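Written below as structure tokens is the structure these notes are about.
Just so it is clear, the structure is predicted and the values come from calculations on it, not from any experiment.
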Amino acid sequence: MTHLWVRAEQRANEERVGLTPEGARALIAKGIRVTVEQSSVRAIPLQGYRNAGCEIAPENTWPDAPADAIIFGLKELPEDGTPLPHRHILFGHAYKGQPAGQRLLARFKAGGGTMYDLEYLVNTDGRRVAAFGYWAGFAGAAVSMKCWAAQQRHEIAGPVGAYSSKTALLDELQAELDQIGSHRPTAIVIGALGRVGTGAADLCTALGVKVTKWDMAETASGGPFPEVLQHDLFLNCILARPGTPVFVPASAKTDPRKLTVIGDIACDPDSDFSPVKVYDRTTTWAEPALRVHDAPPLDVTAIDNLPSMLPVESSEDYAEQLLPSLLTLGSLDTGVWGRAKATFDQHIQNT
């Protein structure tokens with residue numbers, strides 16, 4: 001019998017989960033055994049999984065799970081160097097030369113395990129079967145708006161946290177903007193037709209912020225793009241890759257500009273292909289804004305686990321997208337799982 005073991009997340013500020021109680025019930029009905037670890041942080045209560053018929057295990061006991069169990073979590077495993085003998089489903093961040101990713105692959109090689117990277121679960125045309133992109137965009141735009149509001153108070157944005165719902169986040173933001181007055185910023189979203197850009201634009205629209213929506217057609221010239229500097233907020237929703245144009249050059253710090261906040265939602269400052277050239281490191285929940293110029297101010301926010309700010313909605317949305325693939329776990333050698341395994345095999349050979 002196929003056995004899926006849902007581990008507790010161990011990364012700070014991570015309350016999401018990739019399987020809901022409803023999804024677990026569907027897997028069990030399909031004949032898949034489901035174990036769910038207790039969790040001190042998971043946004044979806046444990047009782048729902050218990051009611052669905054899941055077995056319950058103590059928190060963080062996945063290393064001792066049966067050898068045939070498939071361990072399922074979202075974010076990184078603790079970096080303790082131990083060999084990994086199980087099959088794991090997670091976001092590994094291991095195939096683009098990242099140092100931590102290389103260490104992770106070495107652990108799989110030492111233990112004989114396999115990684116099915118969620119980023120590489122793709123259909124036959126290469127499109128991901130499930131993604132958190134919409135909520136990354138929504139939350140990233142929200143943090144960018146908080147940065148702008150803080151600037152109006154002659155401050156820099158303070159710590160951010162998780163919200164019980166999208167409504168709670170919007171209510172807080174609306175109140176924060178209303179305290180400033182009736183003025184609202186203008187925003188430009190690049191990558192507006194994708195999942196991330198749609199979420200970013202929806203947040204702006206919900207708050208009455210005028211949005212300029214750009215995608216491939218508007219950036220095909222390769223730049224420069226002075227229009228970006230003519231908005232208060234720039235929300236970058238384009239992943240860095242070879243050929244990506246530069247949207248914000250290093251000179252933007254001192255160029256004439258209206259721009260005061262950059263939300264680099266794609267969040268890849270270490271890449272040579274980053275389209276935002278005014279900063280070099282990600283920001284955090286504790287310090288969401290990095291001030292890269294003082295007068296006039298220019299703040300960058302670039303948090304790498306944005307959907308965690310809305311853990312319930314983002315979990316439910318992602319889990320619904322992923323469930324059809326989880327229902328095929330009995331056929332790991334074919335379909336999305338077979339393709340993910342082939343990608344893993346290709347990279348583990350070079351480890």
Counting only heavy atoms from other residues, nucleotides and ligands, does the tally under 6.0 Å from [atom1] of [X] exceed 12?
X	atom1	value
Lys210	NZ	no
Lys277	NZ	yes
His154	NE2	no
Glu55	CD	yes
Glu155	CD	yes
Lys30	NZ	no

Exercise. Evaluate side-chain contact (heavy atoms from CB on, under 4.5 Å) for Phe138 paired with Leu170, printing each intermediate quantity in order.
Key: CA-CA 10 Å; Phe138 197 93; Leu170 286 173; 4.1 Å; yes
Contact summary for [X] and [Y], nearest pair of heavy atoms:
X	Y	value
Leu90	Lys75	CD1-O, 3.9 Å
Phe247	Pro249	O-CD, 3.9 Å
Arg257	Pro296	NH2-O, 2.8 Å
Gln321	Arg195	OE1-NH2, 3.9 Å
Thr301	Pro288	OG1-O, 2.9 Å
Val312	Ala43	CG2-CB, 3.9 Å

Find the distance between [atom1] ([X]) and [atom2] ([Y]) and round it off to the nearest 0.5 Å.
X	Y	atom1	atom2	result
Leu84	Leu77	CG	CG	6.0 Å
Trp285	Ser308	CH2	OG	5.0 Å
Gln230	Glu227	CD	CD	6.0 Å
Asp317	Leu310	CG	CG	11.0 Å
Gln10	Ser39	CD	OG	9.5 Å
Asn305	Leu74	CG	CG	11.0 Å

Checking [Y] against [X]: is there a side-chain donor and acceptor pair closer than 3.5 Å?
X	Y	result
Asp232	Thr186	yes
Trp337	Thr328	yes
Thr2	Arg33	no
Gln349	Asp345	no
Tyr163	Glu172	yes
Ser315	Arg16	no
Ser165	Glu313	no
His293	Thr254	no
Glu176	Trp148	no

Practice problem: Just say parallel, tilted or perpendicular for the rings of Phe132 and Phe91, cut-offs at 30° and 60°. | Solution: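 Taking Phe91 first and then Phe132, their aromatic rings sit tilted (interplane angle of 30° to 60°).
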Under a single-linkage definition using a 4.5 Å side-chain heavy-atom cutoff for Ile, Leu, Val, Met, Phe, Trp and Tyr, are [X] and [Y] assigned to the same hydrophobic cluster?
X	Y	answer
Ile238	Leu235	no
Leu229	Val261	no
Val278	Ile188	yes
Tyr134	Leu207	yes
Val189	Met216	no

Salt-bridge contact [X]-[Y] (side-chain N to carboxylate O under 4.0 Å):
X	Y	value
Arg7	Glu37	no
Asp304	Arg11	yes
Arg103	Glu79	yes

Measure from the side-chain N and O atoms of [X] to the backbone N and O of [Y], and report whether any donor-acceptor pair falls under 3.5 Å.
X	Y	value
His88	Gly113	no
Thr283	Ala302	yes
Arg184	Val209	no
Arg291	Leu298	no
Glu119	His93	no
Ser271	Ala240	no
Lys213	Leu193	no
Asp215	Ala192	yes

Self-check item: Evaluation steps, side-chain contact (heavy atoms from CB on, under 4.5 Å), between Thr343 and Asp117
Solution: CA-CA 9 Å; Thr343 302; Asp117 194 315; over 6 Å; no
Donor-acceptor contacts, no H, no angles, side chain residues 17-29, under 3.5 Å, sequence neighbours left out:
from: Thr20; atom 1: OG1; to: Glu22; atom 2: OE1; distance (Å): 3.4
from: Thr20; atom 1: OG1; to: Gly23; atom 2: N; distance (Å): 3.1

Do [X] and [Y] come close enough that some side-chain heavy atom pair is under 4.5 Å?
X	Y	value
Leu203	Met145	yes
Val143	Leu306	yes
Asp280	Asp270	no
Pro275	Thr244	yes
Ile56	Leu46	yes
Pro159	Glu287	no

Exercise. Could you pull out all residues at least two apart from Phe72 that satisfy ring pair (Phe, Tyr, Trp, His ring centres under 6.0 Å)?
Key: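 Expected list: none.
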Exercise. Can you spot which of Ile89, Val34, Thr61, Asp68 makes a side-chain contact (heavy atoms from CB on, under 4.5 Å) with Trp5?
Key: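 That would be Thr61; it is the only one of Ile89, Val34, Thr61, Asp68 passing the side-chain contact (heavy atoms from CB on, under 4.5 Å) with Trp5.
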Exercise. Tell me whether the centres of the aromatic rings in Phe344 and Phe108 are closer together than 6.0 Å.
Key: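 Distance test on ring centres: under 6.0 Å, yes.
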Quiz item: Passes side-chain contact (heavy atoms from CB on, under 4.5 Å), Leu329 versus Ile70? Steps please.
Solution: CA-CA 9 Å; Leu329 278 173; Ile70 303 167; 4.2 Å; yes
Practice problem: Could you walk me through whether Asp268 and Leu239 pass the side-chain contact (heavy atoms from CB on, under 4.5 Å) test, one step at a time? | Solution: CA-CA 7 Å; Asp268 200 4; Leu239 287 173; 5.9 Å; no
